Every structure is written in structure tokens, then in C-alpha cells.
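Only one structure is covered here, and it is reproduced in the block below.
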Protein chains: 2
Amino acid sequence: MEDKRRQILDAALAIADEDGLDAVSMRSVAARVGMSPMALYPYVGSKAALLDGLVGRLLGELSTGDALRPMQPVGTGPGQRSQEWREGLRTLANRMRALARRHPSAFMLLLSRPSVTPEAAGAVDAVYQGLLEAGVPPKDVPRIERLVSTFVLGFAASEVNGRFAVDDPQLRARRGVDLPAHKTLGAVLLEVDWDAEFEADLRDLEQLIASLVRPG
Amino acid sequence: MEDKRRQILDAALAIADEDGLDAVSMRSVAARVGMSPMALYPYVGSKAALLDGLVGRLLGELSTGDALRPMQPVGTGPGQRSQEWREGLRTLANRMRALARRHPSAFMLLLSRPSVTPEAAGAVDAVYQGLLEAGVPPKDVPRIERLVSTFVLGFAASEVNGRFAVDDPQLRARRGVDLPAHKTLGAVLLEVDWDAEFEADLRDLEQLIASLVRPG
DNA sequence: ACCTGAACACCGTTCAAGT
DNA sequence: ACCTGAACACCGTTCAAGT
């Protein structure tokens, strides 16, 4: 049944959270759900398909709770453009980042495996709808969705996987490389507030989107 | 010697290009360079360290040829702000995308492994320098570097790994999900020119950067 | 229909041994 | 100093067999 499949994916996600993605094996997952390794195959197909299933499992976690895009406020007249898309964008982006923090190892799968699950298509459709209502020209809508989703996924992944690791200047000096611009920036490089940075990035991207909106 | 290490990394990259990252094993790499698997260890340390070495190998390929950032043109007076950063950004972004096309499998490592190699620091420093010369406030420079590099890496990775796969509407209809915004957009979703999209994205990001430039 | 267990062809890495 | 080969504890997956 579909219930057992979910149980298997939950076990795989738990192992990834606890011991990393490399620890997810057919054998370790099977042991956690109390089955033989081969008993997983009817439910997940293969190891690769299990990882694809994990992508669906992650995206499913994204949309729990209230809807992705808040409802249109009743007071918005035809003359003034709705600004709800801004809050919708922020909500989705912040949920994505929270998801990465909950499941750092498994989150990388969202960037490495093409996600054409119904869950993914639904999220994309909500963003399309928001951009259309915001007044972005239809021909730019899919591009802007990809631009923003690429940034949000990439930022969240980079943050939890250490790509943004602040490089210790002392350590760098010991290696003997001189980086003039790093020296110029100095202390600015050390004090990073990731929450504030993500907020600032979203503000800039909102401004970018607003600049594309055709008058009307 | 350092020469043999390079030879080992080249072999690993060749295997990744030909048969995917999963095909890169200590055994397969060793066989390609004509050594025993254990003979690799003094040069690369471990399998994980070998993959980190591959990140350095990839970034090294980025900066071959001319410099990352073109020279300052002689005619730029003190009154007018240099616009060279635009070309520098485009050059680096396009090289990154070309790198992803040359090494699709190995490219994912740039997003999953923290790269604190000298090669990476040098590239980042060049971008810092460009943004500073463009007039971006110092406090915003590292943030904008991360914003742009995250997008460029994410776009290139998504493109070569199929995350941007155009979903066939017929196939989606067969699955029985209805996506209103997808229906509204219609044909716009099918005709995608990735070169043009990347260009448009870079233009938008340049505009975003220009909007941050303080007058002077 | 659903599950098991042995087996096959692989892994990364340790260790004792060779030159 | 540099390399080898056997061995250990793992993999994903096939296959024949059980209930």
C-alpha cells in the first residue's frame, strides 16, 4: 500500500537527517522499517527512485499548513495592482529555507534531481499565478520563476552545506595568497547575519520583479 | 609529485564526464592511471578529498586563458564611473555556464562541497574588486557576490541536470492535474531559448546592481 | 501477493608486506 | 619513499525459493 511507501521514505529521510545522505542505503532503510532490503523494491523501485521519492517527500513537507499563496484581499480595486505576490514570494522562500535547515543533507537532492512531481508542479503554478497577478508580462513569467527559484534553492543549499563559509583571514594569510579586495573589505566579511542577508536579497529580487511590471 | 596528483584528478574528471559521478571510484580512477587503488591515497588522501580536489580542478579550468576581469580602459576619467564590471560579470558567468556544459556531472560538486581553495578565493576577490569599482557600497559587496554566484551556479547546474526540464503538457494532462497558470501561459512554456534566458537574467541582475550604486 | 536469504559484482579503506 | 595484494565490512541488485 501507499502507506508503507511513505513509511519507507520517512525512514530514509530520518537516516539522511541523522547520518547524512551517504548513510541512506537500501539495507539501512530496510533495517529501520524492519524489512528485508529486497522487500523495499516493490514500493520504491530502486535506490535512485527512492531518492526521487525523497524529493517528493520534501516538497510535500513544504506545502503543509496554509496555502502557498495567501488569498486575494477583498479591498483591492481594479485600478490598483495587488501587492499580495510580495508576501507570497516571501512565504514560499522562507519555507524553502526552513526546509533546508530541517533536512540539510536531503535538501541537496532538490538541486541535483529533476523534480517533475505533482507537488513541484503545483508550487510552480502558484508562483506563475502570483507573477501574472503582479503584472509581469507572460513571456517573462517562467523565466522569473526560474530565476527566483534557482536563487532560493541555491542560497538555502549553500547556507546549510557550508559553501558560504566565512573564510578566516588569518588562515588565508598563512596560505600566503593576497587578495586585495578582501583586504579592502576587511571586517565587513566577518560579520554576516544570514537572516538579514536573505531578507535583503528577497527585497532586491522584488524590486527587480516590480521593474518588469508593465503599467496597468 | 604534484604532477601525478593532477594526473589522478584528470582521470577522475574524465570518468565523471564519460560515465557520471557515481562511476568515479578509487578503483576505477586507479585503473585509468595504471596504479593500484591504494597507491592513490598518498596523493589524494581519501575519496572525499579526491572530490574536493575535483572542485579545485574545475575552478582551475575556469581561469585559464585571459584574466577574469578585463583591464581598466585608459580613457575612463575620474568623473564617469567605469562600466567594465558589467563585462567582467558577463565573462565570468558565461565561463561558469560553459564549464557546466563541459563537465555536467562534476559541476554539481561546486554546489555541494564548500570550496575554499585558492582558486575559488581568487575568483571571489576579482568579483569583489569589480563590484567595488562599480560603486556598490562595501557593506553590500559580499552579499551581492553571493547573490550572483548562487544564481549563476544554480542556473548552470539546473540546466545541465534537467531541473529546468520543460514539462510536456500532454503528459501532465494524462496525470490529471490541473494547473491554471500553466494553462494561461500556454505556448510560452514550450519555446525556451536558454542562451537568451541566461542573457536576460544577467541583464536584470546588472540592473539590480546598478540600482545599489551610490551616486559618485 | 508479499517477503526472505543466498549470491554476484561491486565499494572505501586498513594492514602487513614487498622493493 | 613508493607501491602491491589480501582482507574487512560494506554496497545495489538478481534470482530462486518460500508462505
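Below, read A as the first sequence line, B as the second, and so on, with proteins coming before strands; counting in each chain starts at 1. Remember, predicted model here, so these are calculated numbers, not experimental data.
B:Lys47 places a side-chain N or O within donor-acceptor distance of the main-chain N or O of B:Val24, the cut-off being under 3.5 Å. A donor-acceptor contact shorter than 3.5 Å is absent between the side chain of A:Asn161 and the backbone of A:Arg163.
Regarding contacts with the backbone of C:dA1, every side-chain N or O of A:Tyr43 stays at 4.0 angstrom or more from both OP1 and OP2.
B:Lys4 places its NZ atom 9 Å from the C1' atom of D:dC2, with the value rounded to the nearest Å. Protein atom CG of A:Asp19 is 13 Å distant from nucleotide atom P of D:dC10, rounded to whole Å. Distance CG (B:Leu40) to P (D:dG5): 14 Å, rounded to an integer number of Å.
Qualifying side-chain hydrogen bond (donor to acceptor under 3.5 Å, both in side chains) partners for B:Ser112, counting only residues two or more places apart in sequence or in other chains: none.
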Pair pattern of DNA chain C in dot-bracket, where unpaired bases get dots and | marks partners in another strand, Watson-Crick or G-U under 3.5 angstrom: ||.|||||...|||||.||

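Within a 6.0 Å radius of CD in B:Glu199, other residues, nucleotides and ligands contribute more than 12 heavy atoms.
Side-chain atoms of A:Ile8 and A:Met35, non-hydrogen and from C-beta on, do get closer than 4.5 Å to each other.
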Using salt bridge (charged side-chain N to carboxylate O under 4.0 Å, His left out), reason through A:Glu61 and A:Arg57 one step at a time and then give a plain yes or no. CA-CA 6 Å; A:Glu61 199 170 315; A:Arg57 181 44 257 267; 2.5 Å; yes

Any chance you could list the contact pattern along nucleotides 12-19 of chain C? Use B for base contacts, S for sugar-phosphate-only contacts and - for none, protein heavy atoms under 4.0 Å, 5' to 3'. BBBB----

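Contact check on A:Asp140 versus A:Arg143 returns a salt bridge, with a Lys/Arg side-chain nitrogen under 4.0 Å from an Asp/Glu carboxylate oxygen.
At least one test fails for A:Arg146 against the ring of B:Phe155: distance under 6.0 Å to the centre or angle within 45° of the axis.
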